[in-house]
There are 2 protein chains.
Amino acid sequence: MEKTMVDIERATTALKLLGDKTRLTIVGLLKGNECCVCEFVEILQMSQPAISQHLRKLRDAGLVQEERKGHWIFYKLNESSDIFPLVANVLEHIPEQKEKLEALEKSGKRIQCD
Amino acid sequence: MEKTMVDIERATTALKLLGDKTRLTIVGLLKGNECCVCEFVEILQMSQPAISQHLRKLRDAGLVQEERKGHWIFYKLNESSDIFPLVANVLEHIPEQKEKLEALEKSGKRIQCD
DNA sequence: TCACTATATAAGTATATGCTTATATTTGCA
DNA sequence: TGCAAATATAAGCATATACTTATATAGTGA
């Protein structure tokens, strides 16, 4: 595990973003996966604008990256960000979220583009 | 580094608390140290009630512990808390705060009880 | 070009948060 | 016993936050 340092300001920005259940779950889902907005909407059972707004905050702070693939915009963790090591470290302390993606897959709602 | 798991709710509570510059600095100062309220007031240049209120939140969530020593109430990290490993892990990514305590010491304002 | 789907943005609102000032509580000591 | 110092609590207020609903934008395919 890398231990990249970030200044207090940058750390509080990231921690504040992670200090919300919806966003922490989103980031947890992105550990090892790429997801599009509609998948978050389905898994988290929240409105599409609410999800979009959370994703924008995460993107503005550099925690996630977006990439359009046809109809969908996929999000993934921004591994080249200075705060990625901190984020990854935090994620090691919370339960895996991938069963939620597996459940999506079983129900046929998982989006695959490649 | 231990990797104790906590549920999402508990993690967001802790991360929300750490997602504030004042509180993150307080917790950073407590890494390896015990400090009393007046020291935080001096170092952070904030009002005593503001500091007290931050400390109460940290205590209510189990991140810190208090111990009275005569006139003063000293705070320290709660190392037996289920979220201590997460907190300690986060602190490895931010700069050491102890120069601030050393500066206090040089100016003769550090409180020592033992 | 048009309609449809996925996503983003904007504006409004209720609640949460972090301070302030004022006051209460607790302890040590003359 | 009473005062001073350290800390906590309470109430009030301005700002931040996380939704909502309505609308705009962008890509796909007929």
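Every value quoted in this text rests on a predicted model; they were computed, and no experiment measured them. To find a chain, count down the sequence lines: A is the first, B the second, and so on, and within it residues start at 1.
- Within a 6.0 Å sphere centred on NZ of A:Lys100, heavy atoms belonging to other residues, nucleotides or ligands number more than 12.
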Q.
Would A:Leu29 and A:Tyr75 count as a side chain to side chain contact (heavy atoms under 4.5 Å, CB included) here? Give the steps.
A. CA-CA 10 Å; A:Leu29 284 163; A:Tyr75 284 84; over 6 Å; no

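- Side-chain proximity of A:Gln53 to the nucleotides C:dC19, C:dA6, D:dT20 is greatest for D:dT20.
- Taking 4.5 Å as the limit, some side-chain heavy atom of A:Leu24 sits within range of a side-chain heavy atom of A:Leu91.
- Rounding to whole angstrom units, NZ of residue A:Lys57 and P of C:dA8 are separated by 15 Å.
- Projected onto DNA chain D by closest heavy-atom contact, A:His71 and A:Gly19 fall at different nucleotides, the more 5' of which corresponds to A:Gly19.
- Between B:Ser52 and the phosphate of D:dA6, there is no side-chain N or O to OP1/OP2 separation shorter than 4.0 Å.
- Under the 3.5 Å distance criterion, the side-chain polar atoms of A:Gln97 are matched with a main-chain donor or acceptor of A:Pro95.
- Between the CD atom of B:Glu66 and the C1' atom of D:dA6 there is a distance of 13 Å, rounded to whole Å.
- Protein atom CG of A:Asp20 is 17 Å distant from nucleotide atom P of D:dA16, rounded to whole Å.
- Rounded to a whole Å, the CG atom of B:Asp60 is 13 Å from the P atom of C:dG18.
- A:Phe74 places its CZ atom 16 Å from the P atom of D:dG27, with the value rounded to the nearest Å.
- Regarding A:Arg59, its CZ atom lies at a distance of 9 Å from the C1' atom of C:dA8, rounded to whole Å.
- Annotation: A:Lys31, atom NZ; neighbour count of heavy atoms from other residues, nucleotides and ligands within 6.0 Å is above 12.
- Nearest-nucleotide positions on DNA chain D place A:His54 closer to the 5' end than the other of A:His54 and A:Arg68.
- Under 4.0 angstrom from either OP1 or OP2 of C:dG18 there lies at least one side-chain N or O belonging to B:Arg23.
- With a 4.5 Å cut-off on side-chain heavy atoms, A:Val90 and B:Asn89 do not count as touching.
- Side-chain contact check for B:Glu42 versus B:Cys35: every heavy-atom pair is 4.5 Å or farther apart.
- For the segment residues 39-47 of chain B, the set of residues with a heavy atom within less than 4.0 Å of an atom of DNA chain C comprises B:Met46, B:Ser47, in numerical order.
- Candidate nucleotides D:dT17, C:dT9, C:dT7 were compared by shortest atom distance to the side chain of A:Pro49, and C:dT9 ranks first.
- Remark: P of C:dA6 and CG of A:Leu55 are 16 Å apart, rounded to the nearest angstrom.
- Regarding A:Arg56, its CZ atom lies at a distance of 13 Å from the P atom of D:dT17, rounded to whole Å.
- Across all strands, B:Lys21 comes closer than 4.0 Å to no nucleic acid atom at all (heavy-atom distances).
- Regarding contacts with the backbone of D:dA8, a side-chain N or O of B:Tyr75 is found under 4.0 angstrom from either OP1 or OP2.
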